[in-house]
2 protein chains.
Amino acid sequence: MTRIRHQSLDCSPGCAVEATLQLIDGKWKGVILYHLLQGTLRFNAIRKRLPNITQRMLTTQLRELERDGFVLRTVYPEVPPKVEYSLTPRGRTLEPVILALKAWGDEHTEFRHGREACADHDEILTSAAKRTK
Amino acid sequence: MTRIRHQSLDCSPGCAVEATLQLIDGKWKGVILYHLLQGTLRFNAIRKRLPNITQRMLTTQLRELERDGFVLRTVYPEVPPKVEYSLTPRGRTLEPVILALKAWGDEHTEFRHGREACADHDEILTSAAKRTK
DNA sequence: GCCCATAGTGTCGGAAATGATACCGTTATG
DNA sequence: CATAACGGTATCATTTCCGACACTATGGGC
């Protein structure tokens with residue numbers, strides 16, 4: 001694991017733009033950060049908000065966000081496991097960026113929200129259990 | 001060509017974030033947009049600002065930006081060819097986003113700028129000519 | 001003993017993004 | 001006739017990302 005994206009940064013002022021993009025790029029990081037802006041969430045809580053993400057992907061993205069210092073991972077020594085994710089102070093500095101992305105998206109894109117796509121959150125989460133048969 | 005990234009948008013409010021990211025994602029789009037914010041540029045002018053991009057990549061990214069309505073491509077019927085790229089009004093609506101990305105990058109990342117990395121712009125641009133031998 | 005919930009990991013394969021390299025077309029110029 | 005300038009294409013290989021799917025660990029409740 002531990003992907004390193006676009007290894008080398010180019011020079012010139014534009015670099016800062018790329019540098020930031022590299023950190024929040026990754027198919028799900030933007031949304032994850034967005035949801036964490038609204039508060040601490042447990043693993044499965046995030047999963048419910050991202051109906052199409054696989055468990056592996058969620059783990060990967062969260063680990064990368066943690067590695068980059070944006071997210072704090074807190075494991076409670078309980079059974080069944082309880083793991084909470086929250087933004088670090090550094091993570092919170094991304095707020096303006098995330099909000100800018102969101103604002104633009106809200107204004108300039110139409111996408112079917114709700115219904116067809118959202119319908120089956122829980123279904124997904126429970127299907128694992130069913131398959132255990 | 002004509003890559004379609006992350007085809008389907010998920011539902012929920014976070015979507016807007018992803019939707020925007022999908023459009024400006026692509027290893028070079030962010031920087032390209034940033035440079036175009038500062039004015040119209042010719043193909044090779046952009047190339048000089050992005051020392052490590054290949055010609056193919058620059059073309060590809062510009063075409064995608066054009067397709068998404070962010071960039072206007074103006075071809076002058078001259079020889080040798082002259083092609084100018086500029087932001088459309090829609091492209092300019094991305095300004096706050098790009099600037100937010102830049103601002104964050106400037107504040108929160110250190111990267112060697114100048115020197116080593118920048119040194120050889122023209123070298124790159126002239127090497128093609130040399131190789132023609 | 002067996003199942004349940006939660007939060008993972010491991011492995012594999014395909015798709016997508018990017019890179020390297022070489023070639024193209026037009027005309028003015030020497 | 002060869003060359004150079006500019007802005008490309010075409011082709012192929014590589015790298016990276018992502019999804020499907022199966023498997024794991026733990027301890028409480030039945």
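Note that the structure is a prediction, hence the values are computed from the model and not measured. Below, chain A is the first sequence line, B the second, and so on; all start at residue 1.
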For this session: Measure from CG on Leu21(A) to P on dT18(C) and round the result to the nearest Å.
Result: 12 Å

For this session: Find the distance Asp25(A):CG to dT18(C):C1' and express it as a whole number of Å.
Result: 13 Å

Seminar exercise, completed: Rounded to 10°, the angle between the first-five-pair and last-five-pair axes of the helix from dG1(C)-dC30(D) to dG30(C)-dC1(D) is 30°

Problem set entry | Pair of N/O donor and acceptor under 3.5 Å linking dG7(D) base with Gln55(B) side chain | yes

Problem set entry | Nearest-angstrom distance from the residue atom CD of Glu64(B) to P of dA16(C) | 13 Å

For this session: Quick one: list whatever passes side-chain hydrogen bond (donor to acceptor under 3.5 Å, both in side chains) with Ser86(A), sequence neighbours left out.
Result: none

For this session: Identify which nucleotide among dG8(C), dG25(C), dG19(C) has an atom closest to any side-chain atom of Pro81(B), counting heavy atoms from C-beta outward.
Result: dG25(C)

Problem set entry | Options dG8(D), dG8(C), dT18(C), nucleotide nearest the side-chain atoms of Arg73(A) | dG8(C)

For this session: With the side chain counted from C-beta on, respond yes when Leu33(B) and Leu94(B) share a heavy-atom pair under 4.5 Å apart, and no when they do not.
Result: yes

For this session: Specify the separation, in whole Å, of atom NZ of Lys82(B) and atom P of dA4(D).
Result: 23 Å

Problem set entry | For atom CG of Leu62(B) and atom P of dT18(C), their distance in whole Å | 13 Å

Exercise. Yes or no on side chain to side chain contact (heavy atoms under 4.5 Å, CB included) for Phe43(B) and Leu62(B), after CA distance, side-chain angles and deciding distance?
Worked result: CA-CA 9 Å; Phe43(B) 188 84; Leu62(B) 283 169; 4.1 Å; yes

Exercise. In terms of side-chain geometry, is the basic nitrogen of Asp25(A) or Lys29(A) positioned less than 4.0 Å from the acidic oxygen of its partner?
Worked result: no

Seminar exercise, completed: Gln61(A) CD to dT16(D) P, in whole Å, measures 16 Å

Exercise. So among Ile32(A), Leu72(A), Val71(A), which one has a side-chain contact (heavy atoms from CB on, under 4.5 Å) with Tyr85(A)?
Worked result: Val71(A)

For this session: When you get a sec, tell me which of dT27(C), dG8(D), dG8(C) is the closest nucleotide to the side chain of Val83(B)?
Result: dG8(D)

Exercise. What residue pairs, at least two apart or across chains, pass salt bridge (charged side-chain N to carboxylate O under 4.0 Å, His left out) with a residue in residues 35-46 of chain A?
Worked result: none

For this session: Just do the side chain to side chain contact (heavy atoms under 4.5 Å, CB included) check on Trp28(A) and Thr60(A) with the steps written out, would you?
Result: CA-CA 10 Å; Trp28(A) 305 96; Thr60(A) 310; over 6 Å; no

Problem set entry | Arg56(A) side chain, from C-beta outward: closest of dG8(C), dG19(C), dT11(C) | dT11(C)

Problem set entry | Contact under 4.0 Å: Lys27(A) side-chain N or O vs dG19(D) OP1/OP2 | yes

Exercise. NA contact type, Tyr85(B), heavy-atom cut-off 4.0 Å: base, sugar-phosphate, or nothing?
Worked result: sugar-phosphate

For this session: Check every atom of dT9(D), dG7(D), dG19(D) against the side chain of Trp28(A) and return the nucleotide holding the closest atom.
Result: dG19(D)

Problem set entry | Student check: side-chain heavy atoms of Thr40(A) and Thr74(A) closer than 4.5 Å | no

Problem set entry | Minimum-distance nucleotide to Thr54(A) side chain [options: dA7(C), dT9(D), dG19(D)] | dG19(D)

For this session: Provide, to the nearest angstrom, the distance between the CE atom belonging to Met57(B) and the C1' atom belonging to dG7(D).
Result: 16 Å

Problem set entry | Shortest side-chain distance from Asn44(A), nucleotide among dG25(C), dA7(C), dT18(C) | dA7(C)

Exercise. Hey, does the side-chain of Arg47(A) have a donor or acceptor N/O within less than 3.5 Å of a partner on the base of dT6(C)?
Worked result: no

Seminar exercise, completed: When rounded to whole Å, the CZ to P distance for the pair Phe43(B) and dT9(D) reads 9 Å

